[in-house]
Amino acid sequence: MPVPSEDPLDEVLKPPPDETPEQRELRLEREAEAKRVSLAIDANIKAERQALRKKRIVRLLLLGQSESGKSTTLRQFQRLYTPTAFREERILWRAVIQLNIVRSIRIILDALSGPMPNSPYSSPRARNRSLSRGRAPPLPSNYSPPFPPQSHAPDNMDQMDYPRRNGHGHDMNFSYVNHPLYPPRQPQRHQIPPTHHYNDPDLDDDLDDSDTDFAVGNNSYPSSPPNFNGSPRSHPSGSSTTTLAQSPLEALKARLLPLRHIEALLIAKLVPPNEEEATHLAGPSHYQNGQPSPTDSQFSHHTLHHNGRPYRHQRSQSYRNQEIFVRPGPGWKGGLARARVNFPDYSDASSQSSSNGQRPMSAGNTGLESPDEPQEVLHSCKRDMIQLWNDEAVRDVLRRRKIRLEDASGFFLDDLERVTALRYMPTDDDVLKARLKTVGVSEYKFEMEISAGRESGTEWRIVDVGGSRSQRPTWAPFFDDVDAIIFLAPISGFDQVLAEDRTVNRLEDSVLLWKDVCSSKILANVDLVLFLNKCDILEKKLNSGIKLAKYVRSYGDRPNDLDSVSKYLRGKFSAIHREYSPNPRKFYAFCTSVTDTVTTAGIIASVRDMVIRQHLKQSKLL
Ligand SMILES: Nc1nc2c(ncn2[C@@H]2O[C@H](COP(=O)(O)OP(=O)(O)OP(=O)(O)O)[C@@H](O)[C@H]2O)c(=O)[nH]1
Ligand SMILES: [Mg+2]
């Protein structure tokens, strides 16, 4: 007796009992065809899998100290090789640029205001002689000046066995004893705001000089009330040589108060709710205990609530170390994308459609426009900001306080007219100039949209890391499987100190970091590309008379020009590479200004070719 089939399909598919020979033949033919199609599909899938396995993946790691230009270099790669995505995202950078502007203005106002409570830079005379001739801010009773930078290196640098003690021939000889970067301990009166810590022995550090009084010009600056919602004011703009008269400075500051609110608003946009640390603001003097004071009542409806909690403006915190950061990746951009404002006539066709299908349609088309409040406020404050930035006396105070905003990251004050326009759309250059600190490590994947010959089909993975000292321990896990490293050393920082440790010279930190990277055993077979970056700023500094030899004693009396300085530094970095690399390997060095699109495009093309060549060689495909 036949055993019944357990597969119900067998019953259905079995040939009919009365099948004729012709029918049988037809049926077998159909079955054979179906089998052939099925096998072809299987073979296709297998081939695709194999191709995927064989697909070239090139991994590039961007290393360097904070503000060295890593994220900017990544943006250059994106601009060159995924231009559509780069263009689409330009509008998202507007909030970052707005924040950069607001913070620059705030740095100026803080510098003009003299000491904030608990702020260390003041002498009694300086306080009595308020720059604005207004009321001097009171000193808190527990005030005591901080210690100045140490005259010796911090412990972690000692462990790195830096040349200061070993005197290797190739090492740079930084001045330490009584060096301008490491002055003897003495009360420090002026604290330099974040992102541009300088140490220039040639500059007059003494604000007590009688000539530091705020210049009193004939300019009658209108002391109108804060014009937050109103139309742009009518007082003259662009008067580059005027000076702010006595009390008008106070009026000007009052009119710029809305920028405080805009700062908080932008932070809420940019920083995810769980990154509260990055949202702490220096305390505007008009806030107390996190609540607006009565004088803020006109802005009270703008008191921000972030994640259900009001922002607590911390009155006593200094402004430094509070750079806004985002963790890399699409998160912050996603948030901004939801709030973005589109200008139909600016956006090209590609930006109207969403690459991932999640972006809102152009708000301008749907009538669902989100109010563009930060831009409106910036626009209404434009004249005051221009007035402030172009004022001679203000520049003088900044110079005396060694604040060189024009060399600092995220500087847009020379472009205020353009970037505060209501329908402002960031250009490529603006996106490259914008500053947003990276915290964490992230890998960006992209295939080159632009056909790059034999590189087509190569997947690039570029790893961007946060460069500040606290971030560096997170780098190591990303050292595996790396084809090349682009190391950025911002050589313009020879007269600056680290934001996170003001006892450490930036150039020296770069040299130490470079030595560590060169001597790393895990990276022994990874090719190194060195970008001696920020050469544009370096050139400006050297031309303005700042001498490298004052900070790097070993430079001696060589010429103080870009060519000689960059050659010298390149030689030093190259010597460290030769001496400390565990194995011989390829090394390429470029003098770069990665914000410059033209020169950087050429350099990136060379790096791309070199990395691909090495990659193929190592995969034994050449
Ligand atoms: N003028 C000039 N500015 C530069 C150059 N390279 C970078 N910048 C600017 O310097 C700032 C810092 O650059 P980033 O790319 O954010 O620095 P980073 O290395 O990613 O810094 P972290 O994220 O803190 O590690 C940005 O505002 C850039 O626009 C350069 O060669 N010249
Ligand atoms: Mg970065």
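Just so you know, these numbers use all the heavy atoms, side chains as well, and skip hydrogens, waters and symmetry mates. Since we're looking at a predicted model, the values are computed, not measured. Just follow the structure's listing: the first ligand is 1, and inside any ligand the first atom is 1.
Under 4.0 angstrom from ligand 1, the non-hydrogen atoms of D536 all belong to its side chain.
Looking at ligand 1, you won't find any N or O of C535 less than 3.5 Å from one of its N or O atoms. For S66, a nitrogen or oxygen atom sits less than 3.5 Å from a nitrogen or oxygen atom of ligand 1, counting backbone and side chain alike. Between K437 and ligand 1, no pair of N/O atoms sits closer than 3.5 Å.
No hydrogens or angles considered: a donor-acceptor pair under 3.5 Å links the side chains of D464 and S71. With 3.5 Å as the limit, one finds a donor-acceptor pair spanning the side chains of S564 and D561. Counted by atom type alone, S606 and Y588 present zero donor-acceptor pairs between their side chains at under 3.5 Å. In the model, R578 has a side-chain atom that pairs as donor or acceptor with a side-chain atom of S574 under 3.5 Å. Judged purely by distance below 3.5 Å, without hydrogens or angles, the side chains of D430 and Y424 pair a donor atom with an acceptor atom. Side-chain atoms of S566 and R570 include no donor-acceptor pair closer than 3.5 Å. The closest side-chain donor-acceptor pair between D110 and S113, if any, does not fall under 3.5 angstrom.
Among I537, L432, T72, the residue whose heavy atom lies closest to atom 29 (O) of ligand 1 is L432. Of the listed options K70, E500, E406, K70 places a heavy atom closest to atom 19 (O) of ligand 1. Between atom 25 (O) of ligand 1 and the options S409, G69, G467, the minimum heavy-atom separation is to G467. Of all the listed residues (K433, R435, Q471), R435 holds the heavy atom that lies closest to atom 22 (P) of ligand 1. Checking K534, R472, R75 against atom 9 (C) of ligand 1, the nearest heavy atom belongs to K534.
The shortest non-hydrogen separation linking F478 to L61 is O-CD2, 3.9 Å.
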inquiry  = Apply side chain to side chain donor-acceptor pair (under 3.5 Å) to residues E67 and S409 and explain how you reach the verdict.
reply    = CA-CA 8 Å; E67 291 191 71; S409 304; 2.4 Å; yes
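Rounded to the nearest 0.5 Å, atoms CG (D509) and CH2 (W514) are 14.5 Å apart.
If you number the atoms of ligand 1 from 1 as listed, the ones under 4.0 Å from a heavy atom of G410 come out as 27 (O). Ligand-side atoms of ligand 1 in range of A434: 26 (C), 27 (O), 29 (O), range being under 4.0 angstrom from any heavy atom. Taking a cut-off of under 4.0 Å to the non-hydrogen atoms of G466, the atoms of ligand 1 that pass are 25 (O). In the vicinity of V465, heavy-atom distances shorter than 4.0 Å reach the ligand 1 atoms 25 (O). Near S593, meaning under 4.0 Å from one of its heavy atoms, ligand 1 places the atoms 31 (O). Close approach of ligand 1 to Q65 is summarised as follows: ligand atoms under 4.0 Å from at least one heavy atom of the residue are 19 (O).
Residue-ligand proximity: P490 is placed with every non-hydrogen atom at 4.0 Å or more from ligand 1.
For the Mg ion (ligand 2), the N/O/S atoms of S66 include none lying under 2.8 Å. Among the atoms of T72, no N, O or S atom is found under 2.8 Å from the Mg ion (ligand 2).
Rounded to the nearest 10 degrees, the angle OG1 (T438) to the Mg ion (ligand 2) to OG (S71) equals 90°.
Across L99, I97, V96, a single residue satisfies side-chain contact (heavy atoms from CB on, under 4.5 Å) together with L266, and that is L99. With L562 as reference, E539 is the one residue of E539, K541, K540 to meet the side-chain contact (heavy atoms from CB on, under 4.5 Å) rule.
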